[in-house]
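As structure tokens, the structure follows; a few thoughts come after it.
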Amino acid sequence: MERAYSGEGGMSYDVIVVGARVAGAATAMLLARRGLRVLAVDRASFPSDTISSHQVQVPGVARLHRWGLLDRVRASGAPPTRRMRVDAAGVLLEGDFPAYDGVDALYSPRRTLLDALLVDAARAAGAEVREHFRVEKLVWDGGRVTGIVGRERDGMARTETARLVVGADGKRSFVAQAVGAAHYREWPVRAFACYGYWAGVPVTGGALYDRPGLAAAAFPTNDDLTLVYLALPIAGFDAFRADIEGNYLRALDRCGDLGERVRSGTRVERLRTTPDQPNTFRRAHGPG
Ligand SMILES: Cc1cc2nc3c(=O)[nH]c(=O)nc-3n(C[C@H](O)[C@H](O)[C@H](O)COP(=O)(O)OP(=O)(O)OC[C@H]3O[C@@H](n4cnc5c(N)ncnc54)[C@H](O)[C@@H]3O)c2cc1C
């Protein structure tokens with residue numbers, strides 16, 4: 001069964017945004033603040049996590065500040081990172097971030113918090129955000145996309161129409177595929193990441209380590225936890241996953257005293273690995 005809704009000018013919305021995490025919720029919020037009638041949909045619900053580390057670099061933090069959302073990020077308990085240490089095999093750089101647009105710190109809010117905060121801000125701006133809504137088809141009128149067909153959690157198919165449909169549905173974007181947004185640069189997967197959250201591993205700022213065939217990072221995040229992140233060449237993934245935690249810790253042992261500090265703490269969530277991250281640039285639009 002399918003229900004269709006029709007608003008002014010035959011279109012239900014000015015803009016439909018598919019995907020309501022950092023890109024989609026922020027887009028929906030900004031458009032709604034401009035007075036447009038916006039629908040954002042996501043098959044996920046919020047708050048929820050996603051596979052990603054979550055350093056928001058200083059210019060990104062400046063945007064949150066400009067949008068009036070930085071206080072909420074701070075209130076979530078995400079600590080500021082003002083100082084960075086870069087240890088690149090023999091070369092040590094340490095310093096504070098220069099201020100940018102009134103902001104002088106990087107933040108690493110958990111995606112459970114940041115994404116939900118942006119969804120709340122989109123709703124507060126007047127956007128409608130529908131969770132548990134999976135887009136399955138685009139609606140076309142001639143060569144132009146005029147809407148979406150999706151399914152709610154109850155299995156009900158729904159069609160919504162808009163003057164513009166934005167695909168903010170991630171790296172394997174359904175919208176991009178459906179409009180044939182061409183990939184213009186593509187490389188095979190070259191690296192994988194492995195990251196986790198640790199209690200009792202205090203850090204005074206952010207740290208990056210660069211070693212032959214290895215990059216690692218440690219940043220403070222919510223709940224007094226430290227995110228400890230590792231990236232290694234994909235060729236070693238099968239051997240790595242035979243003993244994920246052991247190999248993770250041994251790799252951190254190559255990063256000054258990071259391994260030792262992490263071993264003295266407690267891992268509070270499972271380690272996540274990402275062996276399937278595509279390296280792709282694609283056109284940002286389709287026909288119409
Ligand atoms: C290991 C790793 C570490 C990273 N570290 C950082 C970092 O430290 N800092 C940083 O800035 N970036 C980092 N990134 C990149 C960051 O994760 C992405 O740039 C960011 O998540 C993209 O946000 P997005 O909103 O475009 O898409 P996503 O976060 O992927 O969200 C897309 C949304 O679309 C929804 N969706 C997809 N298909 C449909 C559909 N058919 N119908 C309805 N909804 C749909 C999904 O449910 C999802 O919620 C990292 C990425 C990885 C993999």
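Since the model is a prediction, treat every value here as computed from it, not as a measurement. Atoms within a ligand are numbered from 1 in the order they appear, just like the ligands themselves.
- Ser53 O, 3.4 Å is the protein heavy atom nearest to atom 6 (C) of ligand 1.
- For ligand 1, the polar-atom distance check against Phe46 finds no nitrogen or oxygen pair separated by under 3.5 Å.
- Taking atom 53 (C) of ligand 1 as the reference point, the nearest protein heavy-atom neighbour is Gln277 OE1, 3.4 Å.
- When the heavy-atom distances from atom 20 (C) of ligand 1 to Arg111, His132, Lys171 are ranked, the shortest goes to Arg111.
- Considering only non-hydrogen protein atoms, atom 1 (C) of ligand 1 sits nearest to Tyr229 OH, 3.8 Å.
- A tilted orientation is assigned to the rings of Tyr184 and Phe281, their planes being inclined by 30° to 60°.
- Considering only non-hydrogen protein atoms, atom 17 (O) of ligand 1 sits nearest to Ser52 OG, 2.6 Å.
- Look at Asp49 and Arg272 and you find a salt bridge, because one of the NZ, NE, NH1 or NH2 atoms lies within 4.0 Å of a carboxylate O, short of that distance.
- With hydrogens left out, the protein atom closest to atom 41 (N) of ligand 1 is Val135 O, 3.1 Å, a heavy atom.
- Taking all atoms of both residues into account, the shortest heavy-atom contact from Ala44 to Arg21 is CB-NH2, 3.9 Å.
- When distances from atom 3 (C) of ligand 1 to the protein are checked, a heavy atom turns up under 4.0 Å.
- Of the candidates Val41, Asp42, Thr274, Asp42 brings a heavy atom nearest to atom 48 (C) of ligand 1.
- A cation-pi contact, defined as under 6.0 Å to the ring centre and within 45° of the axis, links Arg110 to Tyr197.
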Inset, instruction - Using the salt bridge (Lys or Arg N to Asp or Glu O under 4.0 Å) rule, take Arg37 and Glu160 through it: C-alpha gap first, then chi angles, then the decisive distance, then the call. - result: CA-CA 12 Å; Arg37 189 161 146 64; Glu160 300 293 0; over 6 Å; no

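- Using a 4.0 Å cut-off between charged nitrogen and carboxylate oxygen, Asp96 and Arg82 do not count as a salt-bridge pair.
- Between Arg263 and Asp253 there is a salt bridge, since at least one side-chain N of the basic residue sits less than 4.0 Å from a carboxylate O of the acidic one.
- Distance from atom 27 (O) of ligand 1 to its nearest protein heavy atom, with residue and atom name: Gly170 CA, 3.7 Å.
- For ligand 1, the atoms lying closer than 4.0 Å to a non-hydrogen atom of Ile51 are 53 (C).
- Protein heavy atom nearest atom 39 (C) of ligand 1, with residue, atom name and distance: Arg43 NH1, 3.8 Å.
- Shortest non-hydrogen contact noted between Phe46 and Glu131 is N-OE1, 2.9 Å.
- Per-residue contacts place Arg21 under 4.0 angstrom from the following atoms of ligand 1 (heavy atoms of the residue considered): 25 (O), 29 (O), 31 (O), 48 (C), 49 (O).
- In Ala168, the part holding a heavy atom less than 4.0 Å from any atom of ligand 1 is the backbone.
- Ligand 1 places these atoms under 4.0 Å from at least one heavy atom of Phe133: 42 (N), 43 (C).
- Atoms OG and CZ, from Ser173 and Arg282 in turn, are 4.5 Å apart once rounded to the nearest 0.5 Å.
- Look at Asp243 and Arg250 and you find a salt bridge, because one of the NZ, NE, NH1 or NH2 atoms lies within 4.0 Å of a carboxylate O, short of that distance.
- Scanning the protein for heavy atoms near atom 9 (N) of ligand 1, the closest one is Gln55 O, 2.9 Å.
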